[in-house]
Engineer: 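One structure is given below, represented as structure tokens, and several questions about it will come after.
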Amino acid sequence: MQQFADYLLDEGLLAGMPKSLGYVLVVAFFAFVLLNFIMLVAGVTSWLERRVWARIQSRIGPNRVGPQGAIQWLADGIKNIMKEDIVPTAADAPLFKLAPYLAMIGFFGAWACVPFGDGLIVADLNVGVLYITAVTGLVVVGILMAGWASNNKWALLGGIRSAAQIVSYEIPAAIAVNTVILLTGTLSMQGIIRAQGWAPWNWFLFDNPFTFVAFFLFFVALLAEGNRTPFDLPEAESELVAGAFTEYSGLRSLLFFLVEWGNLYIVGALCTSLFLGGWQVPAFTDNGFLLGLAQFVVFFAKSYFLVFVAMWIRATLPRVRVDQLMSVCWKYLVPISFVNLLGAMLWVVAFPNGWLPMRLGMFLFGVMTTLYFLMRVAFHLRRARPLMTWNPIA
Amino acid sequence: MSTNAIDLDIVREHPQGLETEEMTLNMGPQHPSTHGVLRFVVKADGEVMRRAIPDIGYLHRSIEKIAEKVGYHGFMPYTDRVDYVSAMQCNQGWAMACEALAGITVPRRGEYCRVIACEFGRIASHLLSVGATGMDIGAVTPFTHAIREREYINDILEELCGARLTFNFMRIGGCAWDLPPGFTRRAIAFLDRFEPLIDEFNELISFNKIYVERLADVAVIPAEMAIAYNLVGPNLRGSGVRYDVRKDAPYSVYPEFEFDVPVGTGERGTVGDSYDRYMVRMREMKESCKILRQALAGVPEGPVVAKVPRTFRPPAGEAYVRVEASRGDMGWFVVSDGSAFPYRVHIRTGSFAAMAVIEEISRGLMIADLVAVIATLDIVAPEVDR
């Protein structure tokens with residue numbers, strides 16, 4: 001994207017303009033494209049989540065608007081925009097109105113460093129991972145502000161829970177990221193992806209046992225940061241009504257949900273970039289466009305697989321209690337991630353260029369685990385079929 | 001109860017000299033997990049509850065007073081509304097009270113129909129309870145799976161009496177309708193499907209690590225406290241007390257059936273914790289299936305309802321009967337003055353006692369636990385207030 005911007009400024013459409021104004025225009029253009037893309041991703045994710053959920057819960061789910069309900073999210077969005085924007089009388093109005101935008105900014109900022117393909121990234125910062133970890137912290141401020149400004153005790157509890165939770169889980173997440181950074185020596189997202197290969201045994205997930213553990217630590221910590229079940233305490237519908245978002249209605253409430261569902265994709269994209277080889281595909285053609293498309297598709301498929309796993313987890317697991325949430329983080333995740341980091345350091349010293357037998361071994365281990373898991377799933381599906389098709393009247 | 005009794009601004013002194021103020025939270029009547037219209041005034045220190053004071057009366061419908069105006073036969077549909085989650089046992093309680101007043105004997109086929117209907121109702125009620133427990137803990141999937149099975153039971157009961165929730169199935173002296181043709185076959189087909197599903201439901205949620213952590217050792221009710229607070233039914237049995245009206249004060253044809261009374265064993269924590277109460281319900285569903293199989297196999301021939309005059313005038317006197325409803329020992333007290341209308345009716349229900357124990361056991365729990373406590377005590381709002 002950098003090249004594209006420079007091309008526009010030097011020779012393209014904006015050639016005659018002063019550089020500063022040109023940059024502003026280019027950034028605005030990219031932001032506009034990205035924002036629309038995010039809306040699409042978050043919307044489709046919301047529809048997908050409801051459908052996946054419905055299948056797991058032996059329901060049907062939304063299937064009326066569009067083919068298989070595929071544009072249900074659009075209808076819901078329009079409905080929410082047309083709703084009345086209520087600000088409670090006793091609320092702190094300026095903060096109350098500001099909060100969703102802060103959450104939105106924190107989440108939107110992270111997208112600038114999320115890659116989609118080789119060269120398909122808004123800004124390949126040399127501190128990319130650090131930037132994403134830092135900027136998503138703004139979401140906490142938004143949620144905490146929403147909880148405080150609502151002047152509602154349930155909302156306040158939700159906001160406080162959110163702050164405690166996100167701040168705590170940033171630590172194992174950051175340490176897990178460090179394991180990868182040790183291997184690559186760069187913080188740039190594209191740099192990390194380029195250090196991996198298209199083959200699964202070249203992914204960092206299978207590089208050594210420590211990165212394997214780090215992947216799960218990272219995924220769990222990101223689930224907690226994204227307020228997903230089993231860590232969805234800030235909203236905790238059955239305990240806190242709707243948590244920090246209790247008093248919000250219409251577009252403002254929609255923005256919070258946009259953040260939640262959009263964040264889900266960021267979770268998938270980050271895990272894919274750091275551990276699952278990102279957009280790496282074998283160089284099967286010279287056609288740059290085809291190659292770029294393949295990279296985009298591969299990256300999207302990997303990310304959405306992880307998004308699907310997150311939905312699956314949400315439909316399966318109950319919610320932990322707030323003290324259990326903290327003890328999981330501070331008593332288990334943080335020490336494990338420190339030990340894991342230490343192990344990764346020793347590994348890097350012992351095998352600076354990786355060790356192929358271990359990679360292949362880890363890969364085989366991963367394949368066998370997956371196969372065993374799929375066998376179990378198939379067994380349960382076969383067993384469940386007569387129960388699912390049972391006719392009470394027959 | 002009046003909320004004025006609660007001192008609203010308790011400021012506590014910390015040893016370090018920091019002052020913290022207790023927060024008064026109003027939980028309900030519109031809270032999503034108070035199962036109807038319950039209300040709790042929660043005094044919380046952050047997430048930790050100092051007290052949770054139940055406030056009842058939001059669903060009071062004067063059911064007992066209505067009985068004095070509509071007569072014995074006419075009160076039957078109202079009994080459905082005493083506990084609309086398991087209306088069959090309420091039907092039976094009222095019918096038995098009237099029969100005891102007038103000395104009517106129910107035909108054996110009528111008793112079997114009642115037992116079949118009641119046990120299906122018990123399974124339906126427990127399904128709702130265990131599903132809702134899952135949902136209150138944050139797992140939504142168990143709820144939909146439980147509700148799916150409950151719908152099949154509703155289908156079966158609809159076939160029996162035409163209604164899915166408020167059945168109005170029983171009459172003084174028996175049942176309103178006989179079993180429809182093919183009922184036994186369909187009921188047994190359902191049981192064949194349902195019994196393995198209880199194990200599957202257990203695999204889905206009961207043995208889940210997070211679920212066990214959330215329920216085990218939470219809100220322990222020791223046996224003495226359970227008896228002191230007059231808890232009944234699964235709540236009492238969860239505390240390890242083997243007491244079931246069907247066994248200990250037998251009524252109807254229950255003595256003819258083989259079944260166990262499951263009690264809490266403290267398998268994952270302490271005897272009498274939330275997990276025990278939950279597991280007692282899971283096991284009771286299996287026992288109900290056992291009773292249903294025996295009852296369906298042995299339905300005798302004959303009429304389902306005894307001859308009872310249209311204008312029912314029991315002799316002056318009083319009667320107290322007890323049935324084992326889904327939420328425990330349900331007592332029906334009726335006083336007759338010899339006229340066509342009862343002089344006084346009183347209903348003793350399990351949820352009322354369960355509501356009272358919450359204030360005692362909720363001290364020091366987290367707010368999230370209160371939700372689990374309400375769910376595992378299986379409190380149904382209409383039964384509290386009537």
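So that the names make sense, note that chain A is the first sequence line, chain B the second, and so on, each numbered from 1.
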Engineer: Do you know the tightest heavy-atom contact between R321(A) and M366(B)?
Structural biologist: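 For R321(A) and M366(B), the tightest heavy-atom pair comes out as CD-CG, 3.5 Å.
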Engineer: For L370(B), is it the side chain, the backbone, both or neither that has a heavy atom under 4.5 Å from a heavy atom of chain A?
Structural biologist: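 Neither; nothing under 4.5 Å.
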Engineer: Does OH in Y372(A) sit with more than 12 non-hydrogen atoms of other residues, nucleotides or ligands closer than 6.0 Å?
Structural biologist: no
Engineer: Go through the atoms of E149(B) and report whether side chain, backbone, both or neither lie under 4.5 Å from a heavy atom of chain A.
Structural biologist: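 No part of E149(B) comes within 4.5 Å of chain A.
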Engineer: For I188(B), does the CD1 atom sit with more than 12 other heavy atoms under 6.0 Å from it, leaving out its own atoms?
Structural biologist: yes
Engineer: Measuring heavy-atom distances to chain A, does V218(B) have an atom under 4.5 Å in its side chain, in its backbone, in both, or in neither?
Structural biologist: side chain
Engineer: Decide if atom CH2 of W148(A) counts as having more than 12 heavy atoms of other residues, nucleotides or ligands within a radius under 6.0 Å.
Structural biologist: no
Engineer: Do T141(B) and T316(A) touch side chain to side chain, with heavy atoms closer than 4.5 Å?
Structural biologist: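 When only atoms from C-beta onward are counted, T316(A) and T141(B) do not touch, as no gap falls below 4.5 Å.
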Engineer: Report, by ascending residue number, the residues of residues 152-161 of chain A in heavy-atom contact with chain B at a distance under 4.5 Å; give 'none' if the set is empty.
Structural biologist: K153(A), W154(A), L157(A), R161(A)
Engineer: Determine which residues belonging to residues 44-57 of chain A lie within contact range of chain B, meaning some heavy atom pair is under 4.5 Å apart, and list them by number or answer 'none'.
Structural biologist: W53(A), I56(A), Q57(A)
Engineer: Write down the atom of S58(A), the atom of R148(B), and the distance for their closest heavy-atom approach.
Structural biologist: OG-NH1, 3.0 Å
Engineer: Does any part of the side chain of Q324(A), heavy atoms only, come nearer than 4.5 Å to the side chain of R214(B), both counted from C-beta?
Structural biologist: yes
Engineer: Calculate, to the nearest 0.5 Å, the distance between atoms CG and NZ belonging to L317(A) and K209(B) respectively.
Structural biologist: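 With rounding to 0.5 Å, CG (L317(A)) is 13.0 Å from NZ (K209(B)).
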